> 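Just dropping this structure here.
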Amino acid sequence: MKELVSIQTFLVSPMEIGDWEGEEELAADNLNRIYHSIYAKAADDVDPSALEMLLEAVWDYWQHNPGLTELDEDEIEAFVEWLYNEAETE
């Protein structure tokens with residue numbers, strides 16, 4: 001069911017992400033890496049609405065978080081893991 005969710009709907013470009021004080025490209029890249037990591041971690045038979053909820057939560061969390069431009073791969077994976085754990089406890 002994962003294939004019913006289009007990751008393209010969520011991906012952003014540096015021009016769409018807003019003002020990140022000259023770091024728009026890095027902010028967009030990191031946000032897109034988070035989206036791709038969430039999508040990759042999802043089981044093939046995931047409920048599409050559950051996957052969409054996870055993907056939608058990303059922007060709410062990171063839209064004003066200055067740490068977005070400082071993320072490395074380990075931190076992205078830790079965030080994705082945290083997000084999945086949060087979803088399971090709700």
Side-chain angles (χ1 to χ4, degrees):
M1 304 291 273
K2 176 166 125 173
E3 69 277 359
L4 297 176
V5 177
S6 173
I7 190 75
Q8 298 300 321
T9 304
F10 297 92
L11 300 179
V12 297
S13 74
M15 293 175 287
E16 298 170 319
I17 199 158
D19 181 19
W20 284 86
E21 299 179 6
E23 298 288 338
E24 290 79 9
E25 188 170 335
L26 179 57
D29 286 347
N30 284 347
L31 196 63
N32 290 338
R33 288 171 48 211
I34 293 169
Y35 286 132
H36 281 291
S37 294
I38 290 169
Y39 193 84
K41 185 174 175 61
D44 289 337
D45 62 348
V46 67
D47 176 0
S49 63
L51 179 54
E52 287 176 344
M53 277 183 30
L54 287 172
L55 292 165
E56 289 167 0
V58 172
W59 181 246
D60 291 338
Y61 187 88
W62 289 105
Q63 69 180 345
H64 298 294
N65 188 329
L68 179 61
T69 58
E70 299 169 8
L71 293 174
D72 63 25
E73 197 62 40
D74 290 337
E75 292 167 323
I76 288 173
E77 290 305 316
F79 173 76
V80 170
E81 190 68 33
W82 172 82
L83 189 61
Y84 269 91
N85 288 338
E86 287 293 307
E88 288 176 6
T89 60
E90 291 181 359

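Just so you know, these numbers use all the heavy atoms, side chains as well, and skip hydrogens, waters and symmetry mates. Fair warning: this is a prediction, and the values are worked out from it, not measured in the lab.
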> In terms of hydrophobic clusters joined by side-chain contacts under 4.5 Å, are L26 and W62 together?
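No, no single cluster joins them.
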> Looking at every non-hydrogen atom in both residues, tell me the closest pair between L4 and P48 and how far apart they are.
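For L4 versus P48, the nearest heavy atoms are CD1-CG, 4.0 Å.
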> Can you see which heavy atom on A42 is nearest to which on L51, and at what distance?
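The answer is CB-CD1, 3.9 Å.
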> Same cluster for F79 and F10 if Ile/Leu/Val/Met/Phe/Trp/Tyr side chains link at under 4.5 Å?
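Looking at the clustering, F10 is in the same group as F79.
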> In chain order, what residues pass the ring-ring contact (aromatic ring centres under 6.0 Å, His included) check against W20, with sequence neighbours excluded?
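Counting only residues at least two positions away or on another chain, W20 forms no ring-ring contact (aromatic ring centres under 6.0 Å, His included).
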> Can you list everything that forms a ring-ring contact (aromatic ring centres under 6.0 Å, His included) with Y84? Sequence neighbours excluded, please.
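With sequence neighbours excluded, Y84 shows a ring-ring contact (aromatic ring centres under 6.0 Å, His included) to no residue whatsoever.
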> Is the closest side-chain heavy-atom distance between E24 and D19 below 4.5 Å?
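In contact.
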> What are the two closest non-hydrogen atoms of A28 and S13, and how far apart are they?
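In this case the closest contact between A28 and S13 is CB-C, 3.8 Å.
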> Let me confirm one number: the CG-CD distance from L68 to Q63, rounded to the nearest 0.5 Å.
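Those atoms lie 11.0 Å apart.
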> Roughly how far, to the nearest 0.5 Å, is CG of L11 from CD of E16?
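Between atom CD of E16 and atom CG of L11 there are 9.5 Å.
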> How long is the span from the CD atom in E77 to the CG atom in D72, to the nearest 0.5 Å?
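The CG atom of D72 is 10.5 Å from CD of E77, to the nearest 0.5 Å.
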> To the nearest 0.5 Å, what is the distance between CG (L55) and OG (S6)?
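So the CG of L55 and the OG of S6 are separated by 10.0 Å.
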> Going hydrophobic residue to hydrophobic residue with side-chain gaps under 4.5 angstrom, can you get from I38 over to M1?
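Different clusters: I38 never reaches M1 through Ile, Leu, Val, Met, Phe, Trp or Tyr contacts under 4.5 Å.
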> Roughly how far, to the nearest 0.5 Å, is the CG atom of L71 from the CD1 atom of I34?
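One gets 5.5 Å once the value is rounded to the nearest 0.5 Å.
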> With sequence neighbours excluded, what pairs up with E70 under the salt bridge (charged side-chain N to carboxylate O under 4.0 Å, His left out) test?
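With neighbours one apart ignored, the set is empty.
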> Is M53 linked to I7 within one hydrophobic cluster, defined over Ile, Leu, Val, Met, Phe, Trp and Tyr using a side-chain heavy-atom separation of less than 4.5 Å?
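Different clusters: M53 never reaches I7 through Ile, Leu, Val, Met, Phe, Trp or Tyr contacts under 4.5 Å.
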> Are W59 and L31 close enough that some pair of their side-chain heavy atoms sits under 4.5 Å apart?
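Yes, their side chains come closer than 4.5 Å.
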> What's the spacing between K2 NZ and D45 CG if we round to 0.5 Å?
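Nearest 0.5 Å value for the NZ-CG distance: 10.0 Å.
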> Taking side chain to side chain donor-acceptor pair (under 3.5 Å) as the cut-off, I'd like each qualifying pair that reaches into residues 48-58, sequence neighbours left out, listed once.
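For residues 48-58: D47-S49.
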> What pairs meet the side chain to side chain donor-acceptor pair (under 3.5 Å) rule with one or both residues in residues 25-36, with sequence neighbours excluded?
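Qualifying pairs, neighbours excluded: N30-R33, R33-E73.
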> Y39: which residues meet the ring-ring contact (aromatic ring centres under 6.0 Å, His included) condition with it, sequence neighbours left out?
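ring-ring contact (aromatic ring centres under 6.0 Å, His included) list for Y39, sorted by chain: empty.
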> Answer yes or no: are there more than 12 heavy-atom neighbours, outside E21 itself, under 6.0 Å from its atom CD?
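Incorrect, the count does not exceed 12.
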